[in-house]
Number of protein chains: 2
Amino acid sequence: MRNIAQRIGRNIGGELVKDPAKLVDTYPKVPLTVDCVLFGFEENVLKVLLIRSDLQVFDGLWSLLGDNVLDNEELDDAANRILRERTGMSDIYLEQVRSFSHPARHPGGRVITVAYCSLINIQHHQLKILDHELHWHEVQSLNKMAFDHYEILTYCNLWLQKRIQEHPLGFNLLPEKFSMRELQNLYEAILNQQLDRRNFRKKFASMGLLIDVNEIEDNVPHRPGKLYKFNFEKYEKNKRNWIGIDF
Amino acid sequence: MRNIAQRIGRNIGGELVKDPAKLVDTYPKVPLTVDCVLFGFEENVLKVLLIRSDLQVFDGLWSLLGDNVLDNEELDDAANRILRERTGMSDIYLEQVRSFSHPARHPGGRVITVAYCSLINIQHHQLKILDHELHWHEVQSLNKMAFDHYEILTYCNLWLQKRIQEHPLGFNLLPEKFSMRELQNLYEAILNQQLDRRNFRKKFASMGLLIDVNEIEDNVPHRPGKLYKFNFEKYEKNKRNWIGIDF
DNA sequence: TTTAAATGTGTAAAAAATACACAACGATTC
DNA sequence: GAATCGTTGTGTATTTTTTACACATTTAAA
């Protein structure tokens with residue numbers, strides 16, 4: 001094997017590189033994409049936003065929302081742009097999850113992708129572009145997808161389960177005013193487990209981040225529950241002391 | 001703005017892409033590197049493995065161990081290769097942490113990097129290559145580094161603090177047989193906080209993952225402590241039930 | 001023999017997590 | 001308007017976990 005300095009064209013010995021641009025020119029380049037895993041919540045079911053793959057080899061399988069990273073584009077920006085271009089939605093806070101780099105993950109050759117994740121309220125974000133059969137798909141009903149997207153989705157789903165217990169992401173999925181039952185349904189759907197109703201309420205009550213808006217549910221065929229707002233302001237202030245939720 | 005299908009050269013309408021390779025050819029390509037953040041522990045201090053940057057613009061600042069990702073190389077493999085080439089060490093388990101993509105992070109132009117992290121026992125892994133002044137550097141004494149490496153290091157340090165409470169990584173940093181005091185020093189160094197000695201011991205005792213080897217410390221100028229081994233076997237078996245350590 | 005410096009150990013108090021049941025409410029039906 | 005249905009709202013006892021804290025013991029060194 002050649003010496004590393006020789007192989008990558010760096011100077012040997014003690015001399016310093018004066019022209020970094022020349023150095024970067026010698027770097028191999030790879031196609032890089034971003035895939036957005038957008039989770040949503042509707043009818044007490046966790047959903048993910050998908051399109052139909054337009055690659056023949058994937059024969060109509062579903063695919064995450066992905067695209068290339070452009071020249072000089074930061075990954076965060078790429079994720080936001082892709083989401084905007086594919087769905088018409090902006091102002092979604094996406095978080096980087098991890099990269100996937102298996103050499104055979106794309107049938108057209110080596111393409112590395114970085115997965116981004118977010119959770120949104122399906123009602124509050126109308127899909128303005130419906131190309132490629134863009135739609136919300138139940139997470140639980142998926143098993144095969146285009147590329148390695150099922151693997152990415154599974155990874156992001158686990159990431160989300162952990163994340164939602166450390167940060168109050170869940171409130172983005174609910175209407176501004178929500179009942180305790182809606183909140184609990186949300187956590188149960190994401191964590192994929194039943195939770196004790198009284199202990200659930202106790203836990204959130206003790207956090208002191210819910211504001212009782214003195215209203216009750218409407219149009220429910222039973223005793224309506226009280227409505228709450230999430231105290232985003234207080235949360236932002238005390239963010240540093242936030243220790244998370246544990247179920 | 002052009003339609004996304006036009007911009008990236010995809011087919012419009014319902015037709016399927018038959019040649020994925022042709023499609024990938026149209027993707028913009030970016031230089032991609034991997035940076036390894038290797039943490040070690042020595043003399044009760046958390047250290048990180050660094051080299052001297054050979055870019056003039058960084059005037060002798062310290063740098064992480066980084067290099068390009070090669071064609072068709074998986075990121076995990078790249079990280080292992082880089083570590084091997086730079087230090088001579090293999091069989092180090094590196095974990096992907098996240099990507100850093102600020103367009104101006106490299107003075108030579110747009111270079112995206114993926115950070116990988118590991119924790120090793122400095123005594124057990126001799127540095128076989130010392131090019132570029134490769135050496136172990138105290139984490140606490142750093143503040144400025146080449147590129148955005150200080151930012152990457154800081155991020156990885158936080159990642160590590162979290163990680164070490166969820167997985168027993170720390171045992172990789174200690175000799176096979178270690179005293180409770182050594183173990184506690186390690187946790188204190190990484191978490192950067194003092195821990196109560198009795199509660200610390202109680203916590204580890206209750207996990208049942210330490211094996212008393214019926215030996216005591218040697219060459220200490222005070223009462224020697226008992227030595228333990230970590231029960232890797234039992235941990236691997238019960239990994240799924242592992243709930244972590246919490247300080 | 002004394003001193004210095006660390007080890008080894010247990011308990012009480014506080015906090016957090018869990019399990020669990022019944023009355024009150026509103027909507028619907030008859 | 002009475003009865004029924006389904007869900008809300010609430011509290012307590014038990015267990016588990018976390019925290020705070022002190023003294024006798026052991027070895028090396030002086």
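Each chain gets a letter, A, B and so on, in the order the sequences are listed, and its residues count up from 1.
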Round to the nearest Å and state the distance from B/M180 atom CE to C/dA5 atom P.
24 Å

B/N80 and B/R84 side chains, donor-acceptor separation under 3.5 Å:
no

Roughly, in whole Å, what's the span from OH in B/Y228 to C1' in C/dT7?
10 Å

Residues B/E217, B/R223: salt bridge by 4.0 Å N-O rule
no

Mind calculating the distance between CG (B/L227) and P (C/dT7) to the nearest angstrom?
12 Å

Is a side-chain donor or acceptor of A/Y116 paired with a backbone partner of A/V97 at a separation under 3.5 angstrom?
no

Protein-nucleic acid N or O pairs under 3.5 Å, nucleotides 11-17 of chain D:
| unit_1 | atom_1 | unit_2 | atom_2 | d |
| --- | --- | --- | --- | --- |
| D/dT12 | O4 | A/K202 | NZ | 3.0 |

Expressed as a whole number of angstroms, how long is the span from B/L195:CG to D/dT18:C1'?
13 Å

Short side-chain N/O contact from A/R181 to OP1 or OP2 of D/dT8, under 4.0 Å
yes

Is there a donor-acceptor pair closer than 3.5 Å between any side-chain N or O of B/D148 and the backbone N or O of B/E151?
no

Would B/R198 pass as a cation-pi partner of B/F200, given that its NZ or CZ must be under 6.0 Å from the six-membered ring centre and within 45 degrees of the axis?
no

Distance-only side-chain donor-acceptor flag, A/S53 / A/S63, under 3.5 Å
no

Which is true for B/R197 with a 4.0 Å heavy-atom rule: it touches a base, it touches only sugar-phosphate, or it touches nothing?
base

Distance (rounded to the nearest 0.5 Å) between B/L46 CG and B/H137 NE2
12.0 Å

Interface residues of residues 212-219 of chain B with DNA chain C (non-hydrogen, below 4.0 angstrom):
none

Rounded to the nearest angstrom, tell me the gap between atom CD in B/Q184 and atom C1' in C/dA6.
12 Å

Give a yes-or-no answer on whether the side chains of B/Y93 and B/N172 include a donor-acceptor pair shorter than 3.5 Å.
no

Whole-Å distance between D/dT19 C1' and B/D246 CG?
13 Å

Pairwise 5' ranking along DNA chain C for B/P221 and A/H222, keeping only the more 5' one:
B/P221

Length of the line joining A/F204:CZ and D/dT10:C1', which is rounded to integer Å:
18 Å

Within the 6.0 Å centroid threshold, strictly below: B/F204 and B/Y228
no

Along DNA chain D (nearest heavy atom to each residue), the more 5'-positioned of B/V220 and B/R223
B/R223

Nearest-Å distance for atom pair CZ/P, residues A/F200 and D/dT10:
15 Å

